[in-house]
Protein chains: 2
Amino acid sequence: MKTTQIGNAWKGAERCENCAIRHLVLFSDLQKSDFDQIHQPIDDISYKPGSIVYGQSDHMEFVYTIRSGLVKLVQYLPDGNLRIVRILGQGELLGIESLNTQVAEHKAITLDPVQLCRIPHSVITLLQQNSPGIHNALIARWQKMLNMADLWITQLSTGKIRTRVSRLLLLLSKNSLDDTFYMPTREDIGNILGITTESASKVTAEFKRNGWLKLLENNHAQVDENKLEI
Amino acid sequence: MKTTQIGNAWKGAERCENCAIRHLVLFSDLQKSDFDQIHQPIDDISYKPGSIVYGQSDHMEFVYTIRSGLVKLVQYLPDGNLRIVRILGQGELLGIESLNTQVAEHKAITLDPVQLCRIPHSVITLLQQNSPGIHNALIARWQKMLNMADLWITQLSTGKIRTRVSRLLLLLSKNSLDDTFYMPTREDIGNILGITTESASKVTAEFKRNGWLKLLENNHAQVDENKLEI
DNA sequence: CGCGCAATTGAGTTATATCAAATACGGTGG
DNA sequence: CCACCGTATTTGATATAACTCAATTGCGCG
């Protein structure tokens, strides 16, 4: 299942300092001297779509920065049902909650090809003691996660199905760099919105017939932002 | 509306140090010397039920610790609809997001008689610079909020109405100190679960008929935890 | 080219919303 | 203390939305 290809592992964080997306990640505020403190290896790992990064209730010794790709966070209900509670993208942090509890609150599954940096908890702990800048970066991620959770409640769990699918597609579209975006499977759409796969399919098929939604290759899609109802 | 009775205002934080619920609040880890840094007044304010502590998008210069009572956080949708995204109780922090953005993400309304400590942002900022212990306290609150948000998504926005009402009542019951709990209005239950007031009423009325839910005076209630389906 | 999974579609059922009316309740003033 | 008023809650009948189940089609991959 977890078909990870361990790429460039290296000691310490020499390359973090020159990382192409450093401005987007946790270490954006750090100084040269801060990086010198880091002696544990920070690995750069590639995942195929559908890989499990970690499971709910897993004991965690790492957090993960998303370099590229999308990851869904899934939570299971006592009755076996599940709900996708967030989708995280570039620059966001996986397993942030485990920094305090050592335990993962969610199952994290990649949606498309994903590259992650795996950061040992001990690195974060060390930086927290010596590099005050890290605090704001962590808080910012907590805040973004909470905003997204609230959005999930108000926009994606409220109202008629057609409205909610619209909101989801618009959200995916806006968060994308170009005018196309990753189109989740109908099953995932169902688990994001708390509806059945069939209902998700009926609405997306209708949007396609109306020409408001166009499916492209590679699980991507494009929407007409003016036609979709909010 | 906002009928606040400003109670004991005082300079600095002499009384914070000896606060009866200090172990529950943001300042639990602070030392004597930390309190000496605080020179802005931290006011203790009482609110009647239904008072607006602050509005969505308000410019914020304070955060609020809940000394007692319950506060609902409400968010409005573009179409005027609303959803209650959280209910906060003793020891929790209102307006935590405004520490970074200066703007409130929610409207905060008291459910029952509430006592809050109003803490200027500047106090938190100061402590963040000089008293590292405050960071963990803040992170812990972010984490608790996020856990609650996820619970709202998975437990309270997923499944049939009867199940969701059950989960809500059980949740309220478990979070209560004694075996009774604050019973929200049917309208609030609707806005918590994303259902209509009538549906909320029909289910709660049914629970009452079955003897699984007993209404007490003072908007309190009691449930038979074994009978309510999860 | 065919296989297997994902997506779509349709018919029938069930759950929930809607609309309207009746009842219960709490607080206020006499 | 009681009657009254306004609001919250309950209830019922009906309309609509969503789910369920089953069958079919479409699509990517070997």
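Side chains are part of it too, since the values below use all heavy atoms of this structure and drop only hydrogens, waters and symmetry mates. Throughout, protein chains are lettered first and strands after them, A, B, ... in sequence-line order, and every chain is numbered starting at 1.
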Separation of atom [atom1] in [X] from atom [atom2] in [N], rounded to whole Å:
X         : N       : atom1 : atom2 : value
Glu187(B) : dT10(D) : CD    : C1'   : 15 Å
Asn218(B) : dC25(C) : CG    : P     : 16 Å
Asn219(A) : dA7(C)  : CG    : P     : 8 Å
Ile189(A) : dA7(C)  : CD1   : P     : 8 Å
Arg186(B) : dC25(C) : CZ    : C1'   : 12 Å

Does CD belonging to Glu187(A) count more than 12 external heavy atoms closer than 6.0 Å?
->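 It does not: Glu187(A) CD has 12 such atoms or fewer within range.
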Return yes when atom CZ of Arg162(B) has more than 12 non-hydrogen atoms of other residues, nucleotides or ligands closer than 6.0 Å, and no otherwise.
-> no
Per the under-4.0 Å heavy-atom filter, residues of residues 191-207 of chain A near DNA chain C come out as Glu198(A), Ser201(A), Lys202(A), Thr204(A), Ala205(A)
Strand contacts (DNA chain C) in residues 160-167 of chain B, 4.0 angstrom heavy-atom criterion |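 Listed by number, they are Lys160(B), Ile161(B).
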Under 3.5 Å, is there a donor-acceptor pair between the side chain of Thr154(A) and the main chain of Asp150(A)?
-> yes
Looking at side-chain heavy atoms only, is the closest gap between Gln143(A) and Trp142(B) below 4.5 Å?
-> yes
Below 4.0 angstrom, N of the basic side chain to O of the carboxylate: do Lys174(A) and Glu225(A) qualify?
->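 The answer is yes: the pair qualifies as a salt bridge.
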Salt bridge between Asp224(A) and Lys214(A), side-chain N to carboxylate O under 4.0 Å?
->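 No, no charged N to carboxylate O under 4.0 Å.
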Scan residues 189-230 of chain B for pairs that pass ring pair (Phe, Tyr, Trp, His ring centres under 6.0 Å), counting only residues two or more places apart or in two chains.
->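 Checked against ring pair (Phe, Tyr, Trp, His ring centres under 6.0 Å) - neighbours excluded - the pairs reaching residues 189-230 of chain B are Phe207(B)-Trp212(B).
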Test side chain to side chain donor-acceptor pair (under 3.5 Å) applied to Arg118(B) and Asp43(B), Thr65(B), Asp44(B), the passing residue | Asp43(B)
